[in-house]
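Structure, as C-alpha cells:
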Amino acid sequence: MNSPFGTVCLVGLGYIGLPTAVVFALRGIHVVGLDVDRAIVETVNRGETHIVEPGLEDAVRRTVAAGHLRATAVPEQADAFLIAVPTPFLSNSEGHDPDLSYVEAATRSIAGVLKKGDLVVLESTSPVGATEQMAAWLAQERPDLTFPQTHGEEADIRIAHCPERILPGHALAELVSNDRIIGGMTDACATKARKLYKLVVEGDCIETDCRTAEMAKLTENSFRDVNIAFANELSLICERLRINVWELIRLANRHPRVNILQPGPGVGGHCIAVDPWFIVSQAPEEARLIRTAREVNDGKPEWVLAKVHQAVAEHTAKTGKSPRIACFGLAFKPNIDDLRESPALTIVTRLAGAYPGLVDVVEPHIDTLPASLKGKACLISSTAALAEADVAVLLVDHDAFKVNPLPANRSIQLVDTRGLWVGRPG
Ligand code: SAJ
C-alpha cells in the first residue's frame, strides 16, 4: 500500500502520546516520538516506558527493537504531526482558565520542519478555538507556507482536531476500538486526518469541523461529571434522610430509562475534573449546571473528611484514646496505580496531617507512598491495618477490596465512600 504517511510524529510522549505512537508503530508505520524531556526520550529509545499501562512496556520494547518507533528531543520532518501535550489550568487563574502554553510550545517547535502537504492534528483536550489558534501560531512561524484559515482547501498544510478518548488502563485496546471524532479546519483537512487514523482505528472515524470536535470531547467528560455529581449529591441527601444510597440507586436503576452512576469520595484524574471547567470558562453565564456539578464533586472530599473526624471524635469520647485509622485505597479510581488528582490521596494526606502517627494506608497497586505521605503514614497490608484499626475508611473500590475484610469479633467504625462493605448485601 502506498501511504501518504511515511513518517508519523507524536509530539508529547505522555499517557496519550506514547500509547498512540506505539499503536501506529505496531502497524509497521515509521513513528518518531518528540518530547522535550530527554529522560523520557532515552527511556523510550531503550525500549522501556515511564508510564504504567497494561501491555505498553512490551509494545514499546517490540516496536523500538523492530525499528518502527524512535524518540527524539529534536524536531524532525514527518508527514503527519499529532500533538498530545497537557492542557491544564492556568496556575494563576482563579476561574480555571485553560493553559495552552504546552500546545503553543509544541506547535512552534514543529513549525520549522513542516513542509507542503503535511497534516497537523491537535489531540490534546482543548477549549473551543484551540485548533484555529494552533493554525495561527503555525502561520506566524511559517509565512512561506499557506494554511486553511487563509487558503481553505488550497492550503499547503492540513489541520485537524482529533480528541483522544481512551480510558487509562485500557489505552492500547481503546485506541484501536473506539470511534474517533475527526474535526477538520476544512473538509479536506478532515478527510486527510481520517485517512491517517483509519490506518490503526477499527472504530468509526466521523468527520466534523474542528470546533465541534473540541466541544464534543469537553461534552463527553462534562456529561460524566454531571452524572457523577448527581450520584454524589444523592449520597449527601440520603445521609441526611438516613437512607442507604447504594440500595436506593440499585432500585432506581431498575427503571428501564434510569442509569445512575456511583457516588464516591470525589472525582479524580486529569480529565473529568478539569475539562468541564473549559466550558465554564468560555460560557460562564450559560454553563450553570456544569459548574454546579464540578462544585458538588469537588466538595465531596470535605464531606468525607467531616465523616471521618466525627468517627474519630466518637471513638475518643467512648474510649478516651485516639483511634488508629486504616485508609483503603489511594488511586483515583479502581484497579490502577494512578494517583494524579486523586480525591483518596487528598483525603488521606489531610487525615495524616490531622492525626500524626495514627494513619495506615492499604494500597495494593503501589510499592511506596507518594511524597505528600512519606514519613506521615504507613503503607501496610490489609491484615496488618485491620489488626490495629479503630476506624476504617474505604476510598477506592479496587477488586482487591471487594471481599469485606472487617473482623467480625471487633467493632471498627467504618466510613465507606464506595458502598463496598456497607450497603451491598449479597
Ligand atoms: N467515578 C465515580 N463514580 C462513577 C464513575 C466514576 O465516582 O460512577 C469517579 C472515578 O472514581 C474517578 C473519576 O470519576 O475518580 C473519573 O473516572 P472515570 O473512569 O469516569 O474517567 P477517566 O478520568 O479515567 O477517563 C475519562 C473517560 N471519559 C468518559 O468516560 C466520558 C475517558 O473515556 C476519557 O478518554 C478520559 O476521561 C480523558 O482522557 O478525557
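- No side-chain donor from either of S124 and T87 sits under 3.5 Å from a side-chain acceptor of the other.
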* To do: Run the numbers on I206 and I182 for side chain to side chain contact (heavy atoms under 4.5 Å, CB included), then give the verdict.
  => CA-CA 6 Å; I206 306 141; I182 314 279; over 6 Å; no
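- A donor-acceptor contact closer than 3.5 angstrom links the side chains of T212 and D209.
- A salt bridge links R70 and E76; the closest N-O separation between the charged side-chain nitrogens and carboxylate oxygens is under 4.0 Å.
- The number of heavy atoms from other shown groups lying within 6.0 Å of CZ (F230) does not exceed 12.
- Rounded to the nearest 0.5 angstrom, C162 SG and I181 CD1 are separated by 8.5 Å.
- The two atoms that bring P370 and L345 nearest to each other are CG-CD1, 3.6 Å, heavy atoms only.
- Centroid-to-centroid, the aromatic rings of H365 and H398 come within less than 6.0 Å.
- For NZ of K374, the number of neighbouring non-hydrogen atoms (other residues, nucleotides, ligands) closer than 6.0 Å is greater than 12.
- Using a 4.5 Å heavy-atom threshold, the side chains of L10 and V8 count as touching.
- Side-chain atoms of L82 and L196, non-hydrogen and from C-beta on, do get closer than 4.5 Å to each other.
- Between E239 and K307 there is a salt bridge, with a side-chain nitrogen of the basic residue lying less than 4.0 Å from a carboxylate oxygen of the acidic one.
- Within the 3.5 Å criterion, the main-chain N or O of V176 finds no donor-acceptor partner in the side chain of E202.
- Counting only heavy atoms from C-beta outward, the side chains of V362 and S381 never approach each other to under 4.5 Å.
- Atom-to-atom distance recorded for I290:CD1 and E295:CD is 12.5 Å, nearest 0.5 angstrom.
- Nearest heavy atom pair, residue L351 against residue L305, reads CD2-CD2, 3.7 Å.
- Using a distance-only test at 3.5 Å, with no hydrogens or angles considered, a donor-acceptor pair links the side chain of Q413 to the main chain of A311.
- Using a 4.0 Å cut-off between charged side-chain N and carboxylate O, R108 and E104 make a salt bridge.
- A 6.0 Å sphere centred on CZ of R254 holds no more than 12 heavy atoms belonging to other residues, nucleotides or ligands.
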* Asked: Which is it for E141 and T107 under the side chain to side chain contact (heavy atoms under 4.5 Å, CB included) test, yes or no, and what are the steps along the way?
  -> CA-CA 9 Å; E141 296 284 334; T107 303; over 6 Å; no
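- The two residues F332 and G268 have their closest heavy-atom pair at CD1-C, 3.4 Å.
- One distance of note links OG of S235 with CD1 of I249; it measures 7.5 Å at 0.5 Å rounding.
- Contact annotation: the side chain of M134 never approaches that of H161 to less than 4.5 Å [non-hydrogen atoms, C-beta and beyond].
- Of all the heavy atoms in Q262 and W246, the pair that sits closest is OE1-CD1, 3.2 Å.
- At least one donor-acceptor pair under 3.5 Å links the side chain of S342 to the backbone N or O of A331.
- For the pair R340 and Y15, the cation sits on the ring face: its NZ or CZ lies under 6.0 Å from the ring centre, inside 45° of the axis.
- Without hydrogens or angle criteria, Q282 side chain to P127 main chain gives no donor-acceptor distance under 3.5 Å.
- Side chain of R410 to main chain of A389: a donor-acceptor pair is present (N/O by atom type, distance under 3.5 Å, no hydrogens or angles).
- In this structure, the side chains of V32 and T7 come closer than 4.5 Å at one or more pairs of heavy atoms.
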* Kindly indicate, with the supporting measurements, whether the criterion side chain to side chain contact (heavy atoms under 4.5 Å, CB included) is fulfilled by R291 and W277. => CA-CA 7 Å; R291 178 203 300 273; W277 286 120; 4.1 Å; yes
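- Not a single donor-acceptor pair under 3.5 Å links the side chain of N232 to the backbone N or O of N297.
- With W421 contributing its side chain and P405 its backbone, the two residues share no donor-acceptor pair below 3.5 Å.
- In this structure, CG on L122 lies 10.0 Å from CD1 on I159, to the nearest 0.5 angstrom.
- Under 3.5 Å, the side chains of S281 and H96 contain no donor-acceptor pair of N or O atoms.
- Counting only distance, with no hydrogens or angles, the side chain of D204 and the backbone of D179 share no donor-acceptor pair below 3.5 Å.
- Here the side chains of L138 and L114 are in contact, with some heavy-atom distance below 4.5 Å.
- For the residue pair E214/T131, the side-chain donor-acceptor check at 3.5 Å is satisfied.
- Atom OG1 of T49 sits about 5.0 Å away from atom CG of L56, to the nearest 0.5 Å.
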* **Criterion side chain to side chain contact (heavy atoms under 4.5 Å, CB included) on Y355 and V312, from CA distance to verdict** => CA-CA 10 Å; Y355 307 108; V312 169; 3.6 Å; yes
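- Under 4.0 Å is where a charged nitrogen must lie from a carboxylate oxygen, and between E302 and R350 at least one such pair does.
- E53 and H170 share no donor-acceptor pair across their side chains, judged by distance under 3.5 Å alone.
- Looking at heavy atoms from C-beta onward, V396 lies out of side-chain contact with F328 at the 4.5 angstrom threshold.
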* Verify salt bridge (charged side-chain N to carboxylate O under 4.0 Å, His left out) between R324 and E388, making sure each step is shown before the conclusion. => CA-CA 7 Å; R324 223 176 156 81; E388 302 283 325; 5.2 Å; no
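- Salt bridge D118/R158: absent, no basic N to carboxylate O contact under 4.0 Å.
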* Test log, rule salt bridge (charged side-chain N to carboxylate O under 4.0 Å, His left out), inputs K217 and E123 -> CA-CA 10 Å; K217 169 65 198 246; E123 282 221 0; over 6 Å; no
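- One distance of note links CD1 of I279 with OG of S222; it measures 3.5 Å at 0.5 Å rounding.
- Enclosure of atom NZ in K318 is not indicated, since only 12 or fewer non-hydrogen atoms of other residues, nucleotides or ligands lie within 6.0 angstrom.
- Within 6.0 Å of CZ on R27 lie more than 12 heavy atoms contributed by other residues, nucleotides or ligands.
- Closest approach of G184 to C189, counting heavy atoms only: CA-CB, 3.9 Å.
- The backbone N or O of C205 lies less than 3.5 Å from no partner atom in the side chain of R180, so there is not a single donor-acceptor pair.
- Salt-bridge formation is not detected for the pair R165/E174: no Lys NZ or Arg NE/NH1/NH2 atom is positioned less than 4.0 Å from an Asp or Glu carboxylate oxygen.
- Minimum interatomic distance between S126 and L218 (heavy atoms only, all atoms of both residues): O-CD1, 3.7 Å.
- Under the 4.5 Å side-chain criterion, counting only non-hydrogen atoms from C-beta, V23 is in contact with L172.
- In this structure, the side chain of N221 does not engage the main chain of D275 through any donor-acceptor pair within 3.5 Å.
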